[in-house]
Amino acid sequence: MSKQGGKGGAAKGRKPQKPGADEKREDVLQAVVIADSFQDRFKPFTLNTPRCLLPLVNVPVLEYTLEFLASNGVQEVFIYCGAHSESIEQFIHDSPRWSPNSSVSPFQLLEFIRVNDANSIGDFLRDLDKRGYIAGDFILVHGDLVSNINLEAALAKHRARREANRDNCMTMILRSVGDQPHRAANARGITPVFVVDPTTGRCLQYEEAHPLQKEHKIDLDPVVFTHGEFEVRCDLVDCGIDICTPEVLALWSESFDYELPRKNFLHGVLKDWELNGKMIYTEILEDGYAARASNLQMYDCISRDILERWTLPFVPDSNLKHGQSYRRIKDGSYVEDHVVIARGSKVTRSAVGRGTDIHAGSSISKSVIGRGCKIGKNVRIENSYIWDHVVIHDGATIVHSVLASNVVIGAGARVPEGSLISFGVRLDQGVQLPEHPPARLSLLTADGERAKPDTKLVGEKGDGATYEVPLSEDESSSDEDADRDPAILQTSLVYSLADLNISTSSISTLASSAFYDSDEDTSFTGGSLHADSGPGAGAQSRSRLSSFASEDGAARFRSESSFHGDAVTGLIDALRADNAEPFDSAKLEFMGLRLANNASDAAMRRAIAVAFVRRAAELLRPEHGGLEPTKAAERAFTAKKGAVKFVKEVGVAGEGEKEQVEFALALQRALVAETKEGGIVDANRAGTLLAAMLQQLYSLDVVEEEGILAWWGDKRASEGEEMVRVKEKCRVLVEWLEQASEESEEEEGGDTEESEEEEEDDD
Amino acid sequence: MAPSQASHTPSLATWTKSLRDQSLEASIESLIFLLKRRQVTGDECAGAIAQLLRQVVAKSKWHDVDQLLYRVQTAGARLARAAPHEPVIGNIPRPEPASSPTTSPSPARTLTSGLQVSKSMFNLLSVADPSESPVTGASTPISQAQQPFSVHALRSEVMDGIEEILDEINQADDQIASFAEIQIHPGDYVLAYQPSKTVERFLVKAASKRRFTVILASLNPPAPGEEEQPYAALRKKLNAAGVSTINLASNGLMAYIPRVNKVIFGAKAVYQNGGLLVDSGACIAAQAAHEYLKPVIALCGVYKFCPEDPSDEVSRGELGNPSSYVSYADGPELDSFEVENTTTDYIPPDLVDVYLTNLGPQTRHHLGGIYADHYKIEDIGFSLQVGE
């Protein structure tokens, strides 16, 4: 490979230098730490303190991240901070280990990058691309990462792949957590779904699922099926460690609207694979520890993992932070120097920081207690995280809560499960905090102003008030169909779906699958994924379809991903709207979706059929007026101006008999699916509705009688019991049509159907 | 071109390479974190510490013995505190001040007695208790009154002493192995519990002279699907020398004990009372052998002799990562079990029959002599709280 022919001395002299310099550059491992998440899941704790400086087992989270980078031999670190950037910079400067001026820092370079107008992680990365600091492969992590993984193997694989093909631009490190309920899997709220080629580890598609979403399924991109083999994995904890080539930054720059590294960037890049040709790989770990303290539940989970030593060597008695002096004592606890545990008190499986006094009769289990705390007599603390300088008076009980620094808990007070008590809040003696919903107390309001003490809650001498989460919850409850933001799952300490009122049978849990089941050319139901939304089941469903063969028809159902759901929702919304706005905008939106997803005619037809059927079915229900089927059908099609035209042009899309048959079939299937779901009481009613809708379409000149008759005779229309039952109800209509056509043939001897229909219109 | 295979993960090798370019403080700090992150463990520690101390002597500024002692002790104490699970670390700085500039009576150390400063050395040591001095930085002047000798001469003297210790550490395994043919007899059945490097060398050496059978006991059976049998390299070597080997999972150990002639394992450290710090599981092997009156032989270099008694933390054992027993992926198990994976065992002295050191086989009753030879009384009180 190297050309060392008979060149001149000068050339020879230059040659060895250049590759040498290049190599040296490559050898420097760079890392980018994103120290701002642009989320508010840790509020009210993060009102004054950045998330990455919150103590996790008495060590700021950022320490874990930096130590992880140091343990992997990273030499240059760039830290992006947004909110509270001054305190993060101060923290680094004051740290004897990380300060850039320190002679002992393991990093050759540690630099802060401030971006004034950044609103998302995407803004950071686009900024990074402009700066040109990145020379070669770099590691992208978040400032809340706890991991003991050795990246050596993954880096080597990444390099090998990159050498083989320039388009292999990124490797994601993921941790498998098995197919059973797992605390780390529950805690993450959103279930990432990775479609992965098991042999190469290439990621083919990325989706996100969460228990609050309307349709508990994902749609697979047909391109996925062109691979011989793939797995759909939702058992992975995404620890946010990405090994990237500089091309990744270029990709970010190309798409100015990407905000999140997974939901936007990964999803988008994979979807546009045919355009950009970039490939992203996964490295799925079966051992080692990696997780992000990205919400309070993960905080809880990681704290427990640290106390149980899963994160070795990141355990308290490794004393990785300067000035710590933890040692292990009996009962699996860790204490620092100058901790006084009085006789008769019991500390099990906990960590206690320097200078904390625990008085007699108290019991502390599975908790973390910070430095300089005073814990009185007969206090009970379980599974709780208590930060520095907290005073807890005699007889108080604290269960599974987070108490930030300088909190004072009065004697005999009770802090039930899930409470979050922010900096400096005081509870008077004997106060009982409410259990449902758990208290969230702060001295400050969401705007950072001093809150008026809520004496009813914290007692006469207490201080602090309920922190109102600035989340428009009433909005989401008024519009029940809207996807609720999964973030509300993550703001509480205790994972629970109980309060969130999730109905398992919201619009189309099963309907769509049944619908797909019956559709002959969409046989990928096996690949769509149904997460049941019982408590704690967020991530149980793990489909490993390792032997999913690619199918001949794969190319036929172009991009069902997200098209169907979006289209149906859009159409229904437009149909529901009471305003006089014409249907054109909905049509425009629909066509846009269609183009964006490259949806097939069949998919469009299906979406339109489902939308109209749902709207009609909705009108049957008492809360929407309880209309008769005929009225409902008429309302569904004619209430909006332009809807009929839309159905004719887009839904049926064609003058031919075949298209009309297809559309009728689509209607029928949608209705059958709807009966299964419980939207309409029984199949009889559904049949009546179908007949009404068909008649309406017939009278509106959308479907012609040949179409309906052909549908009647079509084999597919009578597949399965349900289909037949729905179909039976149309017999009257069909017979009437047959009669009419005979009559018309007799009378006019083959006149055009148009005049015929005009006549029928008058009936 | 092949992709760059350069390893980024810090290790002892990269640390040694960086010694030359880095400042002393940075070297100390990076070694401390290598120890804390368990990227340098076990037998590597002793050598690393000795190398570091050589740097301390060579690079730090000192004007008299007192300062030198202080520097060595602070560095030693910081390292020892960084890894309380490796008691050997504390041993290395200990013989330093005692042996290097003095004429050590130890048979192992044939130090040139060039400077007759031993008396003043220990006087100084006893007067200026480092833990009481307010020294924190490098510039604090300590009594500069006594300078009866040239700093330069002392420096080279001490450096030689450290070289010697390094040599001792490096040669210990070979020296121990040289006793192999005395300990192992033809036709023996030798049970080696989780053979360390020392034990491996010992067995290979014995195999060159004797015909015997080695039973290799390990804690965990090989994971299904793992082709590599444990200790495959060792087995290959032994088999090549004509020694047959048997692999044994820990739970099958008891059944083999009656057949075994002796049990051999390497110790991580030896305490003053004769107790041993060993890999977890070795205690069971020792107990079983004890019940059947089979000799238990512990292999350990003299540098592993710690002049202290075991604390109760030692007897409780160092806790490892539970993932050796329970997979983190197993959610229900994770929530319902508390898994304590002890990675070290403490073997009480009465279970050990022979301590095979680089100075030859010893019994418990003769350990006192070794301690007396290697450590001064003053050093035994060596406080780990110095510094910081």
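We name chains A, B, ... by the order of the sequence lines, and we start the count at 1 in each one. Only a predicted model underlies this, so the values are computations on that prediction, with no experimental measurement involved.
Expressed to the nearest 0.5 Å, how far CZ of B:Arg37 lies from CG of A:Asn72 amounts to 8.5 Å. Interatomic distance, CD1 of B:Ile32 versus CG of A:Asn319, reported as 11.5 Å (0.5 Å rounding). Atom CZ of A:Arg309 sits about 8.0 Å away from atom OG1 of B:Thr343, to the nearest 0.5 Å.
Residue B:Glu25 touches chain A through both its backbone and its side chain, counting heavy-atom pairs closer than 4.5 Å. Both the backbone and the side chain of B:Ser323 come within contact range of chain A, each with at least one heavy atom under 4.5 Å from a heavy atom of that chain. In this structure, chain B has a heavy atom under 4.5 Å from the side chain of A:Tyr289, while its backbone stays farther away. Neither the backbone nor the side chain of B:Glu333 comes within contact range of chain A; no heavy atom of the residue lies under 4.5 Å from a heavy atom of that chain. The contact between A:Ala70 and chain B is made by backbone and side chain atoms together, counting heavy-atom distances below 4.5 Å. Both the backbone and the side chain of B:Tyr328 come within contact range of chain A, judged by heavy atoms closer than 4.5 Å.
Using a 4.5 Å heavy-atom threshold, the side chains of B:Asn321 and A:Asn148 count as touching. Looking only at side-chain heavy atoms (C-beta outward), A:Lys366 and B:Glu338 come within less than 4.5 Å of each other. Side chains of A:Arg304 and B:Asp335 form a contact here, defined as non-hydrogen atoms less than 4.5 Å apart. For the pair A:Pro313 and B:Lys36, the minimum side-chain heavy-atom distance is 4.5 Å or more. The shortest distance between side-chain heavy atoms of A:Ser318 and B:Arg38 falls below 4.5 Å.
Ranking A:Glu308, A:Glu67, A:Arg328 against chain B, the residue ahead of the rest is A:Arg328, based on heavy-atom pairs under 4.5 Å. For the set B:Ala26, B:Pro84, B:Pro10, the count of heavy-atom pairs under 4.5 angstrom toward chain A peaks at B:Pro10. Chain B forms the most heavy-atom pairs under 4.5 Å with one residue out of A:Asp287, A:Val74, A:Ile329, A:Leu151, and that residue is A:Ile329. Interface summary for chain A: among B:Glu29, B:His85, B:Gln22, the most heavy-atom pairs under 4.5 angstrom belong to B:Glu29.
Remark: the B:Arg81 side chain and the A:Ser325 side chain contain no N/O donor-acceptor pair separated by less than 3.5 Å.
Of all heavy-atom pairs spanning A:Leu312 and B:Leu319, the tightest one is CD1-O, 4.2 Å.
Within a 6.0 Å sphere centred on NZ of B:Lys59, other residues, nucleotides and ligands contribute more than 12 heavy atoms.
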